[in-house]
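Proteins come first, then strands; the chains are lettered A, B, ... in the order of their sequence lines, and each starts at number 1.
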Amino acid sequence: MQVKEIIRRLLTQAAAQAKAAGALDFPELPPFELETPKLPEHGDVAANLALVLASRAKKPPRQIAQALIQHLEAPEGLLARVEVAGPGFINFFIRDSWWFQVIEEIHRLGSTYGSAELGAGRRVQVEFVSANPTGPLHIGHGRGAALGDVLANLLAAVGYQVEREYYINDVGNQIQTLGRSLYVRLRQLLGEELEFPEDGYRGEYIFDLARQYREAGHPLPGPEPEEEDLLALGRWAADAILAGIRQDLDDFGVHFDAWFSETSLYEQGWVERAFAALKEAGFLYEQDGALWFAASRFGDDKDRVVRRRTGATTYFASDIAYHLHKATRGYDLMVDLWGADHHGYVPRLRAAAEALGFSERLRILLVQLVSLLRHGEPVAMTTRGGTFVTLREVLEEVGKDAARFLFLTRRADAHLDFDLEVAKQQNAENPVYYVQYAHARLASVFRQPEAPDLMGAEPDPALWPLLKEPEELELVKRLAAFPETVEAAARLLEPHRLTYYLTELAGQLHSYYYKHRFISEDRELSRARLWLVAAVKTVLARGLALLGVTAPESM
RNA sequence: GCGCCUGUAGCUCAGCUGGACAGAGCAACGGACUUCUAAUCCGUGGGUCGCAGGUUCGAAUCCUGCCAGGCGCGCCA
């Protein structure tokens, strides 16, 4: 069990004991924090229970802290000492020997160390990327892909049953626009001078598609194409683009459990079902020939059209239906990952979720945009203008590992500067290699011929007192913090916590490696150190696996 | 004009959702390779946490108002 969990229980019991003994009086135990203090003088774990209890128990915090300590019944071997400090913190100093147990735990649990049962098998769906099939994925989609994928990994690690889903906007006039763009490019390939549509997709990839279309020997619509012809062209193009997107994601290490087609919502009557549900709840009305959802009743700026005067439904209508469909599938939690340029859309979807009663199960995460740089200079990126950097180009230039890791070095809601040159550099400026190198270094240690013989099959707790170096204790404490890091990253939906943790762990390892030889004349000490760094290697590998980054045996 | 995100060291960013003297990497400067991988390590300098108020035992963190940057504000998707 985690040290903080144990201490939380001890304090809760102590409070109850103190209350029973009449030493303290309070109605109910308030929530309190356990933190790892920055300063070693403040111990390994600090509790603010006495501070938050002060007003309820009507006593000075330090006095409460004393009372709590007196009723503390700690297990043998856990605590070196407990102190009241500052305004009333209770500082716990854990025995070194207790920390070293984590080496055995990691050996026992192997690659499941860091897993938890927080999710208790509840179902969670993560919907991400969901880029329109009108062009290849660009670097911003890559960030969303990395974030969503790792979020899903983390949630799975803490006991959720996770599904990854990609929502395909394959309805509407964008497919037609795509078809028209392709059509014009096709005619232009034949040498005809046709004006490109104002709202067309100007990317070079449309030419590529046109060439593919011809090479495959598909029929070319005549000079006056019917709407149906353009739609058919658009569908063909969307399919081809989607195939490319799947390939890109595959190469990026992102695999979806489901690809959900917007069209299927119409085919299966979900849009009408959503309208009916909203109407029944009294949030749907007609005005100016259009059908409106009363979003303003739920805090949105204004009401929103779901069916236009023309009879065509809006994108929003599809989205309501889609989320109703998701909610009906029975997920306990639905996580949506959107580009920050869609943030204005959040209030209206939230409104619909509230109107339909699944708002509490829906979490919408915004991923801020990525600014692409090269040598510190901005690289222009616009979808329609045609000069953008695709995810594929980034993958080919910097590789999957560097791209994934760098995408996860920022909070999702912070802008990200992604410098292609830095991503390619293989030095300390590039944290991915720093972490991978730590793993490779350890792998090389275990390749030493004497290593297996020195270690034996099982770690022996009697060895730990030999680990007297400060670096060793620090390392073991860091290892012990891995489960809570994974848990926090999953609970707060913040994968960047893991990349920071791994960078720190790798740093401590590098430092330790440099100062002390693991394999030496002293066989017992070597044995102890090898088991310690074996645990480090296991945690590095697990952490990198959660990030979807390879843990190389050599570099 | 309104809304969302951001503002922390020269640069890029963390800061455990209110805790104890504000952290890391890079850049700068100075050191360490006959060693289990130097893609590494050790040391030095560097901050009025955008500004001004407020809340309280305690604020980078919460509230209000300004300032600056980014992104949005369709019967588009």
Who is the Watson-Crick or G-U wobble partner of [N], with both distances under 3.5 Å?
N: G1(B); result: C73(B)
N: U64(B); result: A52(B)
N: G47(B); result: none
N: C36(B); result: none
N: G58(B); result: none
N: A24(B); result: U12(B)
N: G18(B); result: none
N: C41(B); result: G31(B)

Does the gap between the ring centers of [X] and [Y] come in under 6.0 Å?
X: Tyr167(A); Y: Tyr322(A); answer: yes
X: Phe407(A); Y: Phe418(A); answer: yes
X: Tyr345(A); Y: Phe316(A); answer: yes
X: Phe128(A); Y: Tyr166(A); answer: no

>> Could you check whether Arg374(A) pairs with Glu397(A) (Lys NZ or Arg NE/NH1/NH2 to Asp/Glu carboxylate O, under 4.0 Å)?
In response: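 Here Arg374(A) pairs with Glu397(A) in a salt bridge, since their nearest N and O are under 4.0 Å apart.
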> Does Lys326(A) come within less than 4.0 Å of Glu127(A), counting only side-chain N to carboxylate O?
Replying inline: yes
Determine the interatomic distance between [atom1] on [N] and the same-named atom on [M]; round to the nearest Å.
N: C29(B); M: C66(B); atom1: C1'; result: 41 Å
N: A9(B); M: G46(B); atom1: C1'; result: 6 Å
N: U40(B); M: C26(B); atom1: C1'; result: 16 Å
N: C42(B); M: A24(B); atom1: P; result: 11 Å
N: A60(B); M: A20(B); atom1: C1'; result: 15 Å
N: U56(B); M: G50(B); atom1: C1'; result: 24 Å
N: A22(B); M: G47(B); atom1: P; result: 12 Å
N: G70(B); M: G10(B); atom1: P; result: 22 Å

> Taking the side chain of Arg410(A) as heavy atoms from C-beta outward, which of A39(B), A14(B), C4(B) is closest to it?
Replying inline: A14(B)
> To the side chain of Phe518(A), which of A39(B), A14(B), C36(B) is closest?
Replying inline: C36(B)
May I ask you to evaluate whether [X] reaches the phosphate of [N], defined as a side-chain N or O under 4.0 Å from OP1 or OP2?
X: His415(A); N: G7(B); value: no
X: Ser511(A); N: C42(B); value: yes
X: Tyr315(A); N: A77(B); value: no
X: Arg411(A); N: U6(B); value: yes
X: Arg308(A); N: A77(B); value: yes
X: Arg441(A); N: A38(B); value: yes

> Quick one: the side chain of Tyr514(A) and the base of A32(B), do they pair up donor-acceptor inside 3.5 Å?
Replying inline: yes
Using a distance-only test with no angle check, is there a side-chain donor-acceptor pair under 3.5 angstrom linking [X] and [Y]?
X: Glu262(A); Y: Ser318(A); result: yes
X: Asn132(A); Y: Gln174(A); result: yes
X: Thr313(A); Y: Tyr266(A); result: yes
X: Asp401(A); Y: Tyr433(A); result: no
X: Lys4(A); Y: Thr36(A); result: yes

> Going by a 90° cut-off around 0, is C11(B) syn or anti?
Replying inline: anti
> Residues from residues 472-489 of chain A sitting under 4.0 Å of RNA chain B, heavy atoms only?
Replying inline: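 Per residue number, the list is empty: none.
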> Do any of residues 336-344 of chain A sit with a heavy atom less than 4.0 Å from RNA chain B, and if so which?
Replying inline: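 Residues of residues 336-344 of chain A under 4.0 Å from RNA chain B: Ala340(A), Asp341(A), His342(A), His343(A), Gly344(A).
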> In terms of the nearest nucleotide of RNA chain B, which residue is placed more toward the 5' end: Val305(A) or Glu553(A)?
Replying inline: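 The answer here is Glu553(A).
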>> Base, sugar-phosphate or nothing for Leu492(A)? Non-hydrogen atoms, less than 4.0 Å.
In response: base
> Nucleotide by nucleotide, 5' to 3', does protein get under 4.0 Å of the base (B), only the sugar-phosphate (S), or neither (-) in nucleotides 55-64 of chain B, counting heavy atoms?
Replying inline: ----------
> Between Arg304(A) (CZ) and C75(B) (C1'), how many Å, whole number?
Replying inline: 12 Å
> Nearest-Å distance, CD (Gln436(A)) to P (U40(B))?
Replying inline: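 Distance, rounded to whole Å: 12 Å.
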> What are the two closest non-hydrogen atoms of Ala47(A) and Leu34(A), and how far apart are they?
Replying inline: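 Closest pair (atom of Ala47(A), atom of Leu34(A), distance): CB-CD2, 3.4 Å.
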>> Looking at every non-hydrogen atom in both residues, tell me the closest pair between Ala490(A) and Leu154(A) and how far apart they are.
In response: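 Heavy atoms of Ala490(A) and Leu154(A) come nearest at CB-O, 3.8 Å.
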> Is Ser371(A) close to Leu416(A) at the side-chain level, that is, under 4.5 Å between some pair of heavy atoms?
Replying inline: no
